[in-house]
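All residue numbers in this chain count up from 1 along the given sequence. Just follow the structure's listing: the first ligand is 1, and inside any ligand the first atom is 1. Model, not experiment: these values are computed from the prediction.
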Amino acid sequence: MTAELRELRGVGPRLESSLDHLGIHTVQDLLFHLPLRYEDRTRIHPIGSLYPGARVQIEGEIEHAAIVRGRRAMLVVVLSDGTGRMTLRFFHFRAAQKKQFSRGTRVRCYGEVRAGYQGLEMIHPSYRRLLREADQALSDRLTPVYPTAEGIGQASWISLTDQALGLLREARLELEELLPQDLRGNLRLPSLADALNFIHRPPAGADVAALVERRHPAQQRLALEELLAHNLGMQQLHRRQREYPAPVMAEATDLERELLRRLPFRLTGAQERVIGEIRTDLAWPHPMQRLVQGDVGSGKTIVAAMAAARAIGNGFQAAIMAPTELLAEQHLRSFGEWFEPLGVRPTWLSSKVTGNARKAALEAIGQGAPLVIGTHALMQEGVTFGRLGLAVVDEQHRFGVHQRLALIDKAGAESAHAHQLIMTATPIPRTLAMTAYAGLETSMIDELPPGRKPVTTAAVSNERRAEVIARVAAACAAGRQAYWVCTLIEESDAVQAQAAEEVAKELRAGLQAVTVGLVHGRMKSADKQAVMDRFKQGEIQLLVATTVIEVGVDVPNASLMIIENAERLGLAQLHQLRGRVGRGGQQASCVLLYGPPVGHLARERLSILRETSDGFRIAEKDLELRGPGEVLGTRQTGMLQFRVADLARDRELLERIPPVAERLLAHDSGLADRLVRRWIGDASRFAGV
Ligand code: ADP
Ligand code: MG
C-alpha cells in the first residue's frame, strides 16, 4: 500500500508541486525528509531566569502592544509572566496583527533571547495565542524544524509528517524493513518505523546534539541503509553496462610494439602490470570498466596510450577526455609526440574549436578518426563517433558519473559499447572508492618511475617573502627552473589573472637576472602554449602561473615550486601542484608561502604536506578535513548526494557494507532492487537521464 501525497489533508496542487521540487513524490519520501534541528517546546521557562543567547519557550500576558514608526515601522509587544518582562519585536507584520495582542491575552512564544535597550527581547519569535483550555497542553516531544522551500511553512511540515507518522502507526502505510537483520542487529540499531518516529518526534530529553550531528542510532540506521542502497545502485549500474557487447581487441599490434620501442624510458613494473590488466579486459567481448589509480607523476599517460594503441591497432577509435583545456592540450602533445611518427594524427576537439574547424573535427570523428583528444566537448550533442572502441577519461572524479556514461554511449553502432578506462590522479580514499566507484575494476600504479626523490617541503610565512625570492634567484643562477603559483580560491579567472600579473611584475622587478614568464586562464590557448613551450625549452626560468598548471604540466627540469596563499588550498590540490616538481633527477623542493595568521585547520594541512608525500595518506586526511564533496569535486556535478549519510562522518558504517552488498547481489536481488528504488529511485538517476 503506497499512500499518495494527495490523500493527506492540506495537500493541493500547489503544495504538491512545491514538494515535487524537493524530490518528495510519495508519503514515504516525506518521511525521509528529515529535520535539520529541533526546538525544545516541552517546557516553559520563567522570563526572570533567562539570559541572552538562549533559545527557549516562554509564556505570559500581553501588557502592551504598539506600532512604532521610525525609519521602519515595527510592531513592539511587551509580555510579562510575573518573573520578568520580554519585548517582542516584529519588522514584518500586518496591521491586524496588533489587534491579536490585546492587553491581557495569553501568548506562548519561542525564540532566541537577546539583550535589548529595555532589557530582554526576542526578534520575530514564533508565537501562539492561548485562547482555549485545549491550547494549553505542552508537547512531550521536541519540535522538529525541517529544511524547506518557499511556500512551505514549518506548520505545514509538522502537519504533513504528523499525518504520515499516523498512517505508519495505523499500518496504512507500508514501509518495508529493508536493512538486513545482521547489519542492524550487530550495531543495535532500531527498526525503520521506530527510527522514523524518533527522528521526526524525539521525546523530551533526547540527545539533541547527537541528533543535530546525525550521529544518533536512529539516523545512523537510515544512513547505513542509504549507503548500502548507493553501493548496490552503483554496482548494478556497472553490471548492466558489462552485459552489453563490446569490441574484442585481442590482437597485439605493430602500433603497440612500435610505440613501446620508441619510448625514451622503460616502463615500470607497475605500469606493465596495469597495461596487462587492461589488455585482458580489452580482449573480452564486454565493456571494460576499469579505474586506474596512481599518484601524481606515476606515469598514467603512457598506460592510457598503450591502451589506445591496442584499440587503434585493432581498427577502432580511441577517445581521450580530460576535464580542463590545459590538461587536454597536454595530452594532445604527449599523444602527438608518441603517435604522429607512427602515422596516427590526433583529432582535437574542445569547446573553443568552432566554425569550420569544428565542422571538420566532427566529420572526422564521425568517419572514424583513430585518435580523438579533447575536453568534455567530446560528450556534447552533435558529436558522434563512427567506431569508438575505447574511451579514456582522465581525472574522472571531476566529471560526474553521468558524463562518463554519456561518452561510452557514443560508441556509434547501437548495440556496441566502448571499453572504458578511468584515470585518477588524486588517490581516492578507500571508503570513497567503495561508494563512488563501487563495481568498477581497479588497477593501481603503485610505483614511481626510477630516480624520483621526494620533494622537500617547507612552510614559510609571507613575512619572509624576500628570502624566498632570493632562494629563487639562487636556484635559477644554478641552472634550475621554478614555478611560482598564485592561488586565489573561488575567484574569477579575471581576478586570478590580475593577481598573477601583479606577482609577475613584482618578481620581474626583484629578479632582474631571471627570465620570468606568465600563464593564466585568461590567455589564448596558443599564447599559453607558447609560454609553456619556452619554459619547457629552458628559455623561461621562472614561470608565474595560476592554478591552471595544477594538472598535467610536465617539465622535468623544474625543481622548485613556490605556492602562494598555500593555507587557502585543499590538501589534494597542494599535493597535485607539488607533483609538478621532482620529475627530473635533481632534488626538488616546494615552499608553501602562507599569510599569517593561519587557522588551526590550515596549519594542520601544511604540516601534513611537510610530513608525507604519500598521496593516499594525504587523500584520507583531506577527506577528514574537508568532506567528500570537495575531495571528489562533486559539488558541481551532483553526484553522490546523500539524504542522510555523510561519507566522512559515517566512515565506520561504510566498512560494513561490501560483504552485505555482495551477498544481496548474489542471493537476494529483489531486496537489492527495493533498496535502490527506495533511496535512489531509478538507478538511471546516476546516469543523469
Ligand atoms: P601522471 O600519472 O601524473 O599522469 P605522467 O603520465 O604525466 O604522470 O608522467 C609523468 C612523467 O613521467 C612524464 O614526463 C612521463 O614521460 C614520465 N614517465 C612515465 N613513465 C615513466 C617511466 N617508466 N620511466 C621514466 N619516466 C616515465
Ligand atoms: Mg596525468
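Summarising the contacts of atom 3 (O) of ligand 1 with Gly579, Pro556, Ser298, Gly297, the nearest heavy atom is found in Gly297.
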Discussion item. Please determine whether side-chain contact (heavy atoms from CB on, under 4.5 Å) holds for the pair Arg605 and Glu567, giving the CA-CA distance in whole Å, both sets of side-chain angles, and the decisive distance to 0.1 Å.
Written reply: CA-CA 8 Å; Arg605 277 203 294 269; Glu567 79 279 9; 5.5 Å; no
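Less than 4.0 angstrom separates some heavy atom of Thr301 from each of these atoms of ligand 1: 4 (O), 5 (P), 6 (O), 7 (O). Taking every heavy atom of Thr268 and a limit of under 4.0 angstrom, the matching atoms of ligand 1 come to 23 (N). Listed by number with element, the atoms of ligand 1 under 4.0 angstrom from any heavy atom of Arg266 are 22 (C), 23 (N), 24 (N). Listed by number with element, the atoms of ligand 1 under 4.0 angstrom from any heavy atom of Leu267 are 23 (N). If you number the atoms of ligand 1 from 1 as listed, the ones under 4.0 Å from a heavy atom of Asp295 come out as 2 (O).
Here Asp533 pairs with Arg333 in a salt bridge; the nearest charged N to carboxylate O distance falls below 4.0 Å.
In this structure, a donor-acceptor pair under 3.5 Å is present between the side chains of His575 and Asp295. Looking only at atom types and distance, the side chain of Asp394 has a donor-acceptor partner in the side chain of His331 under 3.5 Å away.
For the pair Pro449 and ligand 1, the shortest N or O to N or O distance does not fall below 3.5 Å.
Checked options His286, Gln289, Met288; the residue passing with Gln241 is Gln289 (criterion: side chain to side chain contact (heavy atoms under 4.5 Å, CB included)).
By the 30° and 60° cut-offs, the orientation of the rings of Phe339 relative to Phe335 is parallel.
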